[in-house]
Amino acid sequence: MARVLIKGGTVITMDKRLRDLKRGDVLVDGEKIVEVAREIAPPPGAEVIDAAGMIVIPGLINAHLHTWQSGLRGIGGDWAVPQYMANMHRGLATHFRPEDIYIANLMGALTSINSGTTTIVDWCHNNPTPEHTDAAIDGLEESGIRAAFFHGSPKPNPKPGEKHFSEQSMPRGEVERLMKGRLAGKDGLLSPGLAILGPTYSVWDVTRRDMELARDTGLIVSMHVGGGAAMVPDGFERLAAEKLLSAKVNIVHGNNLSDKVLKITANAGVQYTVTADVEFQMGFCDPLTGKLRVLKSPVSIGTDVEVSARADMFGCMRSTLQAQRNLDNIGHWKAHNAAPEKVSVTCREALEWATVNGAKMLHQEHRLGSLTPGKQADIVLLRADDLTIFPVQDPVSSVVTQGGVSSVDTVMVAGTIMKRDGRLLVEGLAGKKATLRRSAERILSDFAARERGRQAA
């Protein structure tokens, strides 16, 4: 197996036992990290990457991303949540063919790799047929990214004779097909999960059946909570009573949940994902970051909908961090009529949200999230001389407050170098971009034609 020695960089391990190295080496053997130390002699035949002038960090983890929307980036920049639901789920999403899902997932995943994200939670809720699902997985697989594929369900207007989406359970047979087939391996790049409607978007019987499916399969189950009144207002109390809440349950958003429900879910081990940029835009109110910190519940973060927010985990860290600092500052002013003497949340904690806590949410902290011997070699090298980050005084602070796509020099996923010298190592990228553009143009054209037909009728 190939050995790679990353030599002479500033190493931010995110491992509390190893700590950080002002100058250190990371040795990779195959797909795993085998050693992290101040000085490692190059093994015979090993490729040596000169990391002098680089900051070495674990690959970032985007804990909530709708990758299938990547071809329509920016179209929802001015949408509130009712517009998003109407325009996207009941409109544009219904015009996606399997090939559209494929190219969007491929290009969305490549964008993440290019941006220093090595793991994404692909919350795929536009897969009306098995062919759409397979195409989504094809795109992820071809990209080379590490992805948790969370199988969701579309939300169109029902056709005559059809049930509303809120009355339709997850397709057990389809989930089992994936678990026995394409997503059967637990330790590969792709892993399965469930993206259910939950008590916000489905009736109680559907919520319970979907949660039972998660329990029966042992899969992580994720749900959106927010954007409006819940269909089952006491849904989480009922799930707790039926012992269907656990650490394998993930709530995305949850901004409007009561303190009582937050305590019930946190005590059950439920893990939360904050997507601050989209929560700000779409009217979800203050992110839960601070309340979760008080409950000692780990915070993971994600960029969410591609139509409204850039899949950039550096920006995501900053938005989430400064939002919570601001809330804490406002609280301090109200209590003391003065600014606080120190910030409430550190940059290191923000980096934890995008690394070790993302790994915890996926129950893969034994494999991901830190530069620890034995873990997967998901590694990112940032150029410390990039103008956006130079000069580096405090490496962790610089990564969080100054880092960005332009400073990402090298990206490694499971020991495979995906980006080198600032260049994504993908053949035919121009052709792939052209395919994504054609896909988006066709979807928009079909949607516009349908709307014209409705208006004429």
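Remember, predicted model here, so these are calculated numbers, not experimental data.
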**Student:** Are there more than 12 heavy atoms of other residues, nucleotides or ligands under 6.0 Å from atom CZ of R215?
**Tutor:** yes
**Student:** Quick one, L194 and S222 - any side-chain contact, counting heavy atoms below 4.5 Å?
**Tutor:**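 In short, these two side chains do not touch, never coming nearer than 4.5 Å.
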**Student:** Taking N255 for the side chain and C285 for the main chain, is one N or O donor matched with an acceptor at less than 3.5 Å?
**Tutor:**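 Between the backbone of C285 and the side chain of N255 there is a qualifying donor-acceptor contact (under 3.5 Å).
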**Student:** Keeping the roles fixed (side chain from E352, backbone from N357), state whether a donor-acceptor pair exists under 3.5 Å.
**Tutor:** no
**Student:** Could you tell me whether the side chain of S397 and the main chain of D394 form a donor-acceptor pair under 3.5 Å?
**Tutor:** no
**Student:** Can a donor-acceptor pair be found, under 3.5 Å and without considering hydrogens, that links the side chain of K375 to the backbone of E365?
**Tutor:** yes
**Student:** Could you check if a side-chain atom of L178 sits within less than 4.5 angstrom of a side-chain atom of T133, using non-hydrogen atoms only?
**Tutor:**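 In contact.
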**Student:** Charged N to carboxylate O below 4.0 Å: is that the case for R38 and D25?
**Tutor:** no
**Student:** Measure across P58 and M14 and return the closest heavy-atom pair with its distance rounded to 0.1 Å.
**Tutor:**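 So the minimum-distance heavy-atom pair works out to CG-CG, 3.8 Å.
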**Student:** Below 4.5 Å, heavy atoms only, C-beta onward: do V34 and P373 meet side chain to side chain?
**Tutor:** no
**Student:** Checking H151 against N127 for the side chain to side chain donor-acceptor pair (under 3.5 Å) test, could you report, in this order, the C-alpha distance in whole Å, the side-chain angles of both residues, the deciding distance, and whether it holds?
**Tutor:** CA-CA 8 Å; H151 187 291; N127 40 355; 3.3 Å; yes
**Student:** What I want to check is whether the side chains of T303 and D277 have a donor and an acceptor closer together than 3.5 Å.
**Tutor:** no
**Student:** Can you find a side-chain donor-acceptor pair between H66 and D304 that sits under 3.5 Å?
**Tutor:**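 Short answer, yes.
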**Student:** For residues T67 and C124, determine if any side-chain heavy atom of one lies less than 4.5 Å from a side-chain heavy atom of the other.
**Tutor:** no
**Student:** Taking D328 first and then K342, would you say they form a salt bridge - that is, a charged N and a carboxylate O separated by under 4.0 Å?
**Tutor:** no
**Student:** Just jot down the side chain to side chain contact (heavy atoms under 4.5 Å, CB included) partners of H332, sequence neighbours excluded, or say none.
**Tutor:** H336, P340
**Student:** Okay, side chain of H64, backbone of H253: is any donor-acceptor separation there less than 3.5 Å?
**Tutor:** no
**Student:** Taking atom OG1 of T10 and atom CG of L21, what is their separation to the nearest 0.5 Å?
**Tutor:** 9.0 Å
**Student:** What I'd like to find out is whether the side chain of L362 reaches to under 4.5 Å of the side chain of T119, using heavy atoms alone.
**Tutor:**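 Answer yes - side chains close enough.
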**Student:** Identify whether the distance between the nearest side-chain nitrogen and carboxylate oxygen of D210 and R172 falls below 4.0 Å.
**Tutor:**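 Salt bridge: no.
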**Student:** Can S115 and T117 be counted as having a side-chain donor-acceptor contact under 3.5 angstrom?
**Tutor:**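 Absent: no donor and acceptor within the cut-off.
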**Student:** Apply side chain to side chain contact (heavy atoms under 4.5 Å, CB included) to residues T355 and I61 and explain how you reach the verdict.
**Tutor:** CA-CA 6 Å; T355 53; I61 298 174; 5.5 Å; no
**Student:** Is it the case that T273 and S300 place a side-chain donor and acceptor less than 3.5 Å from each other?
**Tutor:** yes
**Student:** Which atom names give the shortest non-hydrogen contact between V399 and L382, and what distance separates them?
**Tutor:** CG2-CD1, 3.8 Å
**Student:** Sub-3.5 Å donor-acceptor pair from the side chain of K248 to the main-chain atoms of G218, do we have one?
**Tutor:** yes
**Student:** Report yes or no: does N326 contribute a side-chain atom to a donor-acceptor pair with the main-chain N or O of Q322 at less than 3.5 Å?
**Tutor:** no
**Student:** With the side chain counted from C-beta on, respond yes when M231 and T200 share a heavy-atom pair under 4.5 Å apart, and no when they do not.
**Tutor:**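 Not in contact.
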**Student:** What's the separation between atom CG in L60 and atom CE in M317, rounded to the nearest 0.5 Å?
**Tutor:** 5.0 Å
**Student:** Can any side-chain N or O of Q271 pair as donor or acceptor with the backbone N or O of K360 at less than 3.5 Å?
**Tutor:**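 Yes, because the side chain of Q271 sits within donor-acceptor range (under 3.5 Å) of the backbone of K360.
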**Student:** Mind checking what makes salt bridge (Lys or Arg N to Asp or Glu O under 4.0 Å) contact with R73, not counting sequence neighbours?
**Tutor:** E306
**Student:** Under 3.5 Å, is there a donor on one side chain and an acceptor on the other for D122 and N105?
**Tutor:**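 Distance-only check passes for D122 and N105.
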**Student:** Yes or no on salt bridge (charged side-chain N to carboxylate O under 4.0 Å, His left out) for R182 and D138, after CA distance, side-chain angles and deciding distance?
**Tutor:** CA-CA 10 Å; R182 304 198 63 182; D138 286 342; 2.8 Å; yes
**Student:** Can you find a side-chain donor-acceptor pair between Y84 and H89 that sits under 3.5 Å?
**Tutor:** yes
**Student:** Does the K419 side chain pair with the main chain of V408, one donor and one acceptor, at a distance under 3.5 Å?
**Tutor:** yes
**Student:** Looking at I330, I'd like to know if its CD1 atom is crowded, meaning that more than 12 non-hydrogen atoms belonging to other residues, nucleotides or ligands lie closer than 6.0 Å.
**Tutor:**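 Counting other residues, nucleotides and ligands, CD1 of I330 exceeds 12 neighbours.
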**Student:** Please examine the side chains of F390 and Q402, heavy atoms only from C-beta on, and report whether any two atoms are closer than 4.5 Å.
**Tutor:** no
**Student:** Walk me through whether W68 and H125 qualify under side chain to side chain donor-acceptor pair (under 3.5 Å).
**Tutor:** CA-CA 8 Å; W68 63 271; H125 55 353; 3.0 Å; yes
**Student:** Apply side chain to side chain contact (heavy atoms under 4.5 Å, CB included) to residues L257 and V225 and explain how you reach the verdict.
**Tutor:** CA-CA 8 Å; L257 290 177; V225 177; 3.7 Å; yes
**Student:** For T265 versus L262, what's the shortest heavy-atom pair and its separation?
**Tutor:**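 That would be OG1-O, 3.0 Å.
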**Student:** Looking at S407 and G403, would you say the former's side chain and the latter's main chain have a donor-acceptor pair under 3.5 Å?
**Tutor:**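 Flag not set: sc S407 to bb G403 has no pair under 3.5 Å.
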**Student:** Looking at I251, L213, N250, V249, which one forms a side-chain contact (heavy atoms from CB on, under 4.5 Å) with V221?
**Tutor:**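 Passing option: V249.
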**Student:** Side chains of W353 and T320: do they bring a donor and an acceptor to under 3.5 Å?
**Tutor:**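 No, no side-chain donor-acceptor pair sits under 3.5 Å.
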**Student:** Charged N to carboxylate O under 4.0 angstrom, E212 versus R209?
**Tutor:** no
**Student:** For a quick test of reading the model, state the closest non-hydrogen atom pair linking V121 to A63 and the distance between them.
**Tutor:** CB-O, 3.4 Å
**Student:** Does the side chain of R146 come under 3.5 Å of the side chain of Q376 through a donor N or O and an acceptor N or O?
**Tutor:**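 Note: R146 and Q376 side chains meet the donor-acceptor criterion.
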**Student:** Looking at L219 and M179, what are the two nearest heavy atoms and their distance?
**Tutor:** CD1-SD, 3.6 Å
**Student:** If you look at every heavy atom in A268 and L245, which pair is closest and at what distance?
**Tutor:**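 Residues A268 and L245, closest heavy atoms: CB-CB, 3.7 Å.
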**Student:** Say you draw a straight line from CD1 of I75 to CG of L92; how long is it, rounded to the nearest 0.5 Å?
**Tutor:** 5.5 Å
**Student:** Yes or no on side chain to side chain donor-acceptor pair (under 3.5 Å) for T207 and S202, after CA distance, side-chain angles and deciding distance?
**Tutor:** CA-CA 6 Å; T207 293; S202 66; 2.7 Å; yes
